[in-house]
> 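Quick one: the structure is below, and I'll ask about it shortly.
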Amino acid sequence: MADTVASPPKQSAAAGARPQLTTTMRSSSYLSDHQQYRPPRQPEPHHGIDTVVEDISPAAAAAAAAVSPHRGSPSSAARPIMPFNGIPSEDNPPTIVDSGVSHSFSHPNCAPAGRRPTDRLVATLFYKSADRGSPLAAARSLTGGLSDSNESLPANIAPTTNMDAFPLEPPTHESEQLDHLYGSYISPLCITSFLHLMSTFPQPQGAEPPHSSHRCLDSSENPRVVELTLAPAPSPKYLALSDLRKHEMIYRFEQEWNVDVALQRDLVWRRHPRLVVFDMDSTLITQEVIELMADTIKDPPNLAARVAEITHRAMLGELEFDASFRERVALLKGVDAAVFEDLRPVLEVTKGVRQLIKALRRLGVKTAVLSGGFQPLTTWLAGDLGIDYAYANEVVIADGKLTGETTGTIVGKERKRDLLVEIAAKEGIDLAQVVAVGDGANDLLMLEKAGLGVAWNAKPRVQMEADARLNGESLLDLLFLFGFTSEEVEMLAG
């Protein structure tokens, strides 16, 4: 019946027609209307040579040919010819644009071609919080800054100025702290400055142009820990990794930006440790047990002062650790053996230790504590934290009293090193997958023997000779050296 109705004049129909959505004004879904989803563009069929060379669509090419059929006419406004690289290069990586997202393909972290060995260096930067009671922070508060020309180096900041203690050129006077200007975190300018510093070291002959990538391990806005991957690493023929870690320019960068820099080869062992060995005093706990005992025991009344005097002589190098330990134990003659139980609630575990041990256990990593203290306390602490191995000094007890004597080998620096090797051999673990953490001179041989030796809030000499140094608040930072992010650390320690 609609076919018999006469159509009204076009003009009147146009005047009375209701507004409608045309195909160009509407889409097939609510999401498309609100730009929540964009379907992928369908490639235009039959691309001609004009499309490739001049980067114009076939429709535009046909229109241009119709308007100006002759190529040489002035009306022919051909677009500039763009270079066509048939094979993508590093300078011009292939780019795919789909649904408004650009995907660029490059290979900075891929396996090298031609079965060449990987030559990458991983630098982990830790920002040191200014509110910590660090020696550097203390020096700032006392001197009002580190820019005074007549200023002396803080007492326990590495490297030492004593040439007999360590054969390095003494550092010059410190410069102004740049983190005060650019932010109390690992700022982009800090990263740029470090990359520029690393570019000054000679590269291996015939190496590809250097490139780098970074990961903010805790936060992308104000990161405290940033991992940089550099390739290629500086030439080992010019500067070995052990020397690069002690380089004066690295040290000055750390002081200027208030950071710790840990340099490691990007090897599989870095990401997969199998044994972590800890010192106890001032590492797993914040105190020194022998001094804690002296403060707790009131008879004789001057015991604490006498123990402190022996400790001071040992720090000056007048006594070896074995001799100083025996002298201090001799002062404890007649003390009730129950003192070890009385000290248990007094021990203050370092922040992050419990979570760290839990995380390592979930990763299947064996743990050990090698202490120059006393076996009763060390065994109890290891059981409380869930540590697999515990070694310390055995004291002689008779009739419930300490005799002031020791039995067995004193757990000094040589014994700690030997125990580390024994535990690794017992568990079938290569030393490259062993990590050692300590703070004192009696830990140096242990740190040197391990695949990675970490100085934790350590003495100056230990800070300089260790592979890496951490001067933070939480020992949980150790996991960042293995490449874990804060999210992964929370999953492991939660």
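Computed from a predicted structure; not experimentally measured. Throughout, residue positions are numbered sequentially from 1 according to the sequence presented. Side chains are part of it too, since the values below use all heavy atoms of this structure and drop only hydrogens, waters and symmetry mates.
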> What side-chain donor-acceptor pairs closer than 3.5 Å can you find for residues 369-382, not counting sequence neighbours?
residue: Ser371; atom: OG; partner: Gly373; partner atom: N; Å: 2.8
residue: Gln375; atom: OE1; partner: Ala392; partner atom: N; Å: 2.7
residue: Gln375; atom: NE2; partner: Thr379; partner atom: OG1; Å: 2.7
residue: Gln375; atom: NE2; partner: Ala390; partner atom: O; Å: 3.4
residue: Thr378; atom: OG1; partner: Phe374; partner atom: O; Å: 2.8
residue: Thr379; atom: OG1; partner: Gln375; partner atom: O; Å: 2.9

> Return the CG to CG distance between Asp281 and Leu292, rounded to the nearest 0.5 Å.
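The CG atom of Leu292 is 9.0 Å from CG of Asp281, to the nearest 0.5 Å.
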> So do Arg265 and Leu241 actually touch side chain to side chain, heavy atoms under 4.5 Å?
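SC-SC contact between Leu241 and Arg265 confirmed.
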> Nearest 0.5 angstrom please: Leu444 CG to Lys416 NZ, how far?
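One gets 10.0 Å once the value is rounded to the nearest 0.5 Å.
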> Between Thr124 and Val225, does a side chain to side chain contact (heavy atoms under 4.5 Å, CB included) hold up when you go through it step by step?
CA-CA 7 Å; Thr124 310; Val225 187; 3.8 Å; yes
> For Trp456 and Asp443, run side chain to side chain contact (heavy atoms under 4.5 Å, CB included): C-alpha distance rounded to whole Å, both residues' side-chain angles, the deciding distance at 0.1 Å, then the answer.
CA-CA 11 Å; Trp456 169 252; Asp443 299 318; over 6 Å; no
> Write down the atom of Lys459, the atom of Gly440, and the distance for their closest heavy-atom approach.
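Lys459 and Gly440 have their closest heavy atoms at CG-CA, 4.4 Å.
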> Could you tell me whether the side chain of Tyr389 reaches within less than 4.5 Å of the side chain of Leu419, counting heavy atoms only?
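A side-chain contact under 4.5 Å is absent here.
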> Does a sphere of radius 6.0 Å around CD in Glu448 hold more than 12 heavy atoms from other residues, nucleotides or ligands, not counting ones at 6.0 Å or beyond?
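Count not over threshold, so no.
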> What are the two closest heavy atoms between Trp269 and Ala432, and how far apart are they?
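Residues Trp269 and Ala432, closest heavy atoms: CB-O, 3.6 Å.
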> Roughly how far apart are His211 NE2 and Thr229 OG1, rounded to 0.5 Å?
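That separation rounds to 9.0 Å.
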> Would you mind listing every salt bridge (Lys or Arg N to Asp or Glu O under 4.0 Å) that reaches into residues 222-233, with sequence neighbours excluded?
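For residues 222-233, and leaving out neighbouring residues, the salt bridge (Lys or Arg N to Asp or Glu O under 4.0 Å) pairs sorted by first residue read Arg215-Glu227, Arg224-Asp477, Glu227-Arg270.
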> Keeping Asp388 on the side-chain end and Thr367 on the backbone end, is there a donor-acceptor pair under 3.5 Å?
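Answer holds: yes.
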> Please test Val346 against Thr296 for side chain to side chain contact (heavy atoms under 4.5 Å, CB included), starting from the C-alpha separation and ending with a verdict.
CA-CA 10 Å; Val346 184; Thr296 304; 5.5 Å; no
> Thinking salt bridges, do Glu422 and Lys426 make one under a 4.0 Å N-O criterion?
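No, Glu422 and Lys426 are not salt-bridged.
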> Contact between Leu470 and Val454 at the side-chain level, heavy atoms closer than 4.5 Å - yes or no?
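Of all side-chain heavy-atom pairs linking Val454 with Leu470, at least one is under 4.5 Å.
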> The test is side chain to side chain contact (heavy atoms under 4.5 Å, CB included); show your working for Leu284 and Val349 and say whether it passes.
CA-CA 6 Å; Leu284 288 181; Val349 177; 6.0 Å; no
> So, taking the atom named CD1 in Ile423 and the one named OH in Tyr391, what distance separates them when rounded to the nearest 0.5 Å?
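Spacing of CD1 (Ile423) from OH (Tyr391) equals 5.0 Å.
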> About how many Å separate CZ of Arg415 and CG of Leu445, when rounded to the nearest 0.5 Å?
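Taking CG in Leu445 and CZ in Arg415, the distance rounds to 13.5 Å.
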> Hey, does Ile186 have a side-chain heavy atom less than 4.5 Å from the side chain of Ile191?
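A side-chain contact exists here, since the closest heavy-atom pair is under 4.5 Å.
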> Find out whether Phe201 and Leu244 are in side-chain contact, i.e. whether some heavy atom of one side chain is under 4.5 Å from a heavy atom of the other.
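The answer is yes; the side chains approach within 4.5 Å.
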> Hey, does the side chain of Thr283 reach the backbone of Met280 with a donor-acceptor pair shorter than 3.5 angstrom?
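No; judged by distance alone, with no hydrogens or angles, the pair does not exist.
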> Taking side-chain hydrogen bond (donor to acceptor under 3.5 Å, both in side chains) as the cut-off, I'd like each qualifying pair that reaches into residues 339-359, sequence neighbours left out, listed once.
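Counting only pairs at least two positions apart or across chains, the side-chain hydrogen bond (donor to acceptor under 3.5 Å, both in side chains) contacts touching residues 339-359 are Arg354-Asp384.
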> Using side chain to side chain contact (heavy atoms under 4.5 Å, CB included) as the criterion, list what pairs up with Asn393, not counting sequence neighbours.
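Residues passing side chain to side chain contact (heavy atoms under 4.5 Å, CB included) with Asn393: Phe325, Ile410, Val411.
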> What is the distance from atom CG of Leu230 to atom OG of Ser199, rounded to the nearest 0.5 Å?
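The CG atom of Leu230 sits 10.0 Å away from the OG atom of Ser199.
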> Might you point out which heavy atoms bring Leu479 and Ala359 nearest each other, and give the distance in Å?
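Residues Leu479 and Ala359, closest heavy atoms: CD1-CB, 3.8 Å.
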> Ala425: which residues meet the side chain to side chain contact (heavy atoms under 4.5 Å, CB included) condition with it, sequence neighbours left out?
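In terms of side chain to side chain contact (heavy atoms under 4.5 Å, CB included), with neighbours along the sequence ignored, Ala425 is linked to no residue.
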> So Ile250 and Met198, do their side chains get closer than 4.5 Å, heavy atoms only?
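Result yes, sub-4.5 Å side-chain heavy-atom pair found.
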> Throw together a table of side-chain donor-acceptor distances under 3.5 angstrom for residues 480-494, partners on residues two or more places apart or in other chains.
residue: Thr485; atom: OG1; partner: Glu488; partner atom: N; Å: 3.3
residue: Thr485; atom: OG1; partner: Glu488; partner atom: OE1; Å: 3.4
residue: Ser486; atom: OG; partner: Leu217; partner atom: O; Å: 3.3
residue: Ser486; atom: OG; partner: Asp218; partner atom: O; Å: 3.4
residue: Glu488; atom: OE1; partner: Thr485; partner atom: N; Å: 2.9

> Please list all pairs meeting salt bridge (Lys or Arg N to Asp or Glu O under 4.0 Å) that have one or both residues in residues 284-296, counting only residues at least two apart or in different chains.
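Residue pairs passing salt bridge (Lys or Arg N to Asp or Glu O under 4.0 Å), neighbours aside: none found.
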> With sequence neighbours excluded, tell me which residues meet ring pair (Phe, Tyr, Trp, His ring centres under 6.0 Å) with His272.
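His272 satisfies ring pair (Phe, Tyr, Trp, His ring centres under 6.0 Å) with no residue once adjacent residues are dropped.
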> Indicate the atoms forming the closest heavy-atom contact of Gly428 with Arg274, along with that distance.
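Result for this residue pair: O-NH1, 3.4 Å.
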> Given side-chain hydrogen bond (donor to acceptor under 3.5 Å, both in side chains), test Asn457 with Asp439 step by step and report yes or no.
CA-CA 6 Å; Asn457 290 321; Asp439 74 300; over 6 Å; no
> Would a distance-only check, ignoring hydrogens and angles, find a side-chain to backbone donor-acceptor pair under 3.5 Å from Ser193 to Cys190?
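Such a contact is absent between Ser193 side chain and Cys190 backbone.
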> May I ask you to decide whether Glu254 forms a salt bridge with Arg469, counting only side-chain N to carboxylate O separations under 4.0 Å?
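Between Arg469 and Glu254 there is a salt bridge, with a charged N closer than 4.0 Å to a carboxylate O.
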> Are Asp467 and Arg245 ion-paired here, with the side-chain N under 4.0 Å from a carboxylate O?
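Result for this pair is yes, salt bridge flagged.
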> Looking only at heavy atoms, what is the nearest atom pair of Leu121 and Ala233, with distance?
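Between these two residues, the closest heavy atoms are CB-CB, 3.9 Å.
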> Evaluate the side-chain proximity of Pro273 to Leu452: yes if any heavy-atom separation is below 4.5 Å, no if none is.
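SC-SC contact between Leu452 and Pro273 ruled out.
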> Can you name the residues that form a side chain to side chain contact (heavy atoms under 4.5 Å, CB included) with Leu431, not counting sequence neighbours?
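Expected list: Leu420, Ala424, Val434, Lys449.
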> Are the side chain of Gln463 and the backbone of Asn471 linked by a donor-acceptor contact shorter than 3.5 Å?
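Not a single qualifying donor-acceptor pair exists.
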> Tell me every residue that passes ring pair (Phe, Tyr, Trp, His ring centres under 6.0 Å) with Tyr238, counting only those two or more places apart in sequence or in another chain.
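If we apply the ring pair (Phe, Tyr, Trp, His ring centres under 6.0 Å) test to Tyr238, skipping adjacent residues, there are no hits.
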> Measure across Tyr185 and Pro188 and return the closest heavy-atom pair with its distance rounded to 0.1 Å.
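Nearest heavy atoms, Tyr185 then Pro188: CE1-CD, 4.5 Å.
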> Among all residues two or more places apart in sequence or in another chain, which pass the side chain to side chain contact (heavy atoms under 4.5 Å, CB included) test with Ser219?
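Per chain and number, Ser219 pairs via side chain to side chain contact (heavy atoms under 4.5 Å, CB included) with Glu221.
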> Please examine the side chains of Val435 and Val277, heavy atoms only from C-beta on, and report whether any two atoms are closer than 4.5 Å.
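A side-chain contact under 4.5 Å is absent here.
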> Show me the pairs that pass salt bridge (Lys or Arg N to Asp or Glu O under 4.0 Å) and involve residues 184-204, at least two apart or across chains.
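The answer is none; no pair qualifies.
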